[in-house]
Amino acid sequence: MSALGIYVLTFNCAREFVDPDVFATHFFDALPAGSPAPDIIALSLQEIAPIAYSFLGGSYLAPYFTEFRRTVHKACAQKWNDDYVNFLTDHTGMTGLMLFARHETLEKVAWKDTAHVGVGVAEMGNKGAVGARLGYVVEGHPAKTIDLTFVAAHLAPMEDSYEQRNLDWKSIVERLVFTPETSGSEVNERSRLLDDTASAHSEGSQQDLFAPNAYIFFAGDLNYRTSNIGPTIGEIVQFPRRNAELDDPTHYSHLFKHDQLIREMSSGRTFHGLSEAPIDFPPTYKYSNAARKAAALGERTEWKWSNHRWPSWCDRILFLDSPPQVGEAGKVQPLAYNALPLFAQSDHRPVALSASVPLTGDHDPALGLRAVAPFAIDPDWKGKRDAARRREVVVGAVAYLGLTREGNGLLLASVLGIFGAWFILRSMLEI
């Protein structure tokens, strides 16, 4: 195998369960015709569940991940009669990351690191990022690994918040610090070869997003819009239309010149060093409730947009095309970049990238190191994340009691229990 096939999909779930039967049918729509099964599948999920379940995590969040696990298994079985191992499932608040691999691919993963950062209110995970870095041992180069970094992210919303999104990126670079995963050793115990490689890796220090030998795939609801302010009533007629010709003002391509992410990246203010494959699909946000109802009925009619938001490419997948010391032959090759159909559960369309990562052990020191990371690690990154996690638990518990049916029932039962105990105690004291 001369290259590793990667399939990255990002989706804002709108805090609803996914329908595995419907989603699986279109899961691989972005793959070019005749493509082989990818070696690794990465899912970036935003707003995966209501805030109570997301902040509490654990068994509260597990059912939402389970439905995506079913989706991937069903999609792979339908297309290739193949199955994948879900070897990593992690989250920061409402943003989730799931990694799947073919069995033979997973056999060569020597180690995995994880990282978490919140960039929402009080640095909590209503917005934030979760990352995983894998060490893939290349055949013939047992002492070296191809390092793959996958990041799922959700940045600040609203048209006028592009500067805050830039700051969110800065916070992610400063505080998304990768440390060896401690939840299990199933990957590291596969063979002595992998054990030796993993041991050598564990001797290294904590690493930021831009590790010296790592490819990066950064996917999520990045929330960059096509205007700095919301649309006026008169501007709604300019919204993209499905069958518009290229020279028609309502063709979606005319919005590219206003795309905030393209502008901010070109100006060197965000996502430093990362690239994006050419976009040849309509905006992925914000579809109206009428559009979602049509999607539920299987209707593919005229695009229906919400009138109070500019149609925008909020959902993006960026990548570092080659790590330092890797020549032209080691660059990531994007094969396809496309949006999936609109699903009834969300006002976002999923976006997927199919890419090929060359499997070469050749790292030429003569090429030199380039300083990629635009910001240094925050020395207090761990303390800030631990404090934010404690706040998440408190907020999650309050939201669970106040905003969920089962929490309401528990709260009512507790109040009735306290009142009953007081009544009994009072009766006993009066005897």
Side-chain angles (χ1 to χ4, degrees), residues 6-14 16 18-20 22-33 35 38 41-48 68 71-72 75 79 98 152-155 157 217-226 239-244 246 250-256 258-262 274-296 298-306 309-319 334-355:
I6 307 292
Y7 192 73
V8 183
L9 186 145
T10 180
F11 183 44
N12 186 310
C13 311
E16 298 285 348
V18 69
D19 185 335
V22 176
F23 206 119
T25 303
H26 298 282
F27 188 86
F28 289 113
D29 278 7
L31 274 179
S35 294
I41 298 171
L43 298 188
S44 168
L45 307 172
Q46 309 86 48
E47 297 191 22
I48 186 171
F68 275 101
T71 298
V72 173
K79 194 168 183 66
M98 302 182 76
H154 194 184
L155 308 188
F217 292 92
F218 195 106
D221 181 357
L222 307 187
N223 252 325
Y224 286 89
R225 308 301 174 88
T226 55
F239 284 6
R241 299 182 65 84
R242 180 185 288 272
N243 296 315
L246 189 61
T250 63
H251 191 274
Y252 66 80
S253 61
H254 293 282
L255 287 176
F256 283 132
H258 304 298
D259 182 77
Q260 293 175 344
L261 183 55
I262 294 175
L274 300 189
S275 302
E276 184 178 21
I279 295 176
D280 190 21
F281 50 87
T284 59
Y285 174 88
K286 175 177 174 61
Y287 289 87
S288 67
N289 289 336
R292 296 167 65 175
K293 290 178 181 178
E299 299 175 357
R300 303 299 175 195
T301 58
E302 179 60 61
W303 295 325
K304 297 180 175 65
W305 308 100
S306 292
R309 293 283 177 262
W310 274 100
S312 300
W313 289 272
C314 291
D315 310 277
R316 313 287 274 265
I317 303 173
L318 310 178
F319 56 91
L335 305 176
Y337 188 38
N338 210 342
L340 275 60
L342 180 69
F343 297 115
Q345 79 179 94
S346 177
D347 51 9
H348 291 251
R349 287 175 63 177
V351 171
L353 170 72
S354 174

Sub-6.0 Å ring centroid separation between Trp313 and Tyr285
no
If you take all heavy atoms of [X] and [Y], which pair is closest and at what distance?
{"X": "Pro350", "Y": "Leu9", "value": "CB-CD2, 4.3 Å"}
{"X": "Thr10", "Y": "Gly220", "value": "OG1-CA, 3.2 Å"}
{"X": "Pro341", "Y": "His26", "value": "CG-ND1, 3.6 Å"}

Could you tell me the separation between the CZ atom of Phe343 and the CZ atom of Arg349, rounded to the nearest 0.5 Å?
9.5 Å
Can you tell which of Phe239, Trp305, Tyr224 makes a ring pair (Phe, Tyr, Trp, His ring centres under 6.0 Å) with Trp310?
Phe239
Begin from the C-alpha positions of Ser346 and His348 and carry the test side chain to side chain donor-acceptor pair (under 3.5 Å) through to its verdict.
CA-CA 5 Å; Ser346 177; His348 291 251; 5.3 Å; no
List in chain and number order the residues that pass ring pair (Phe, Tyr, Trp, His ring centres under 6.0 Å) with [X], two or more places apart in sequence or in another chain; answer none if no residue qualifies.
{"X": "Phe218", "answer": "Trp169, Phe271"}
{"X": "Tyr252", "answer": "none"}
{"X": "Phe319", "answer": "none"}

Name all residues meeting the salt bridge (charged side-chain N to carboxylate O under 4.0 Å, His left out) criterion together with Glu16; count only those two or more places apart in sequence or in a different chain, and write none if there are none.
none
Could you note down all residue pairs passing salt bridge (Lys or Arg N to Asp or Glu O under 4.0 Å) where residues 310-319 supplies at least one of them, sequence neighbours left out?
Asp259-Arg316, Glu276-Arg316
Run the side-chain contact (heavy atoms from CB on, under 4.5 Å) test against Ser288 and tell me which residues pass, sequence neighbours left out.
Ala290, Ala291, Lys304, Ser306
Pairwise side-chain contact, Leu318 with Leu222, heavy-atom cut-off 4.5 Å (strictly under)
yes
Got a donor-acceptor contact below 3.5 angstrom from the Glu299 side chain to the Ala294 backbone?
no
Under 6.0 Å from the CZ atom of Arg241, do we count more than 12 heavy atoms belonging to anything else shown?
no
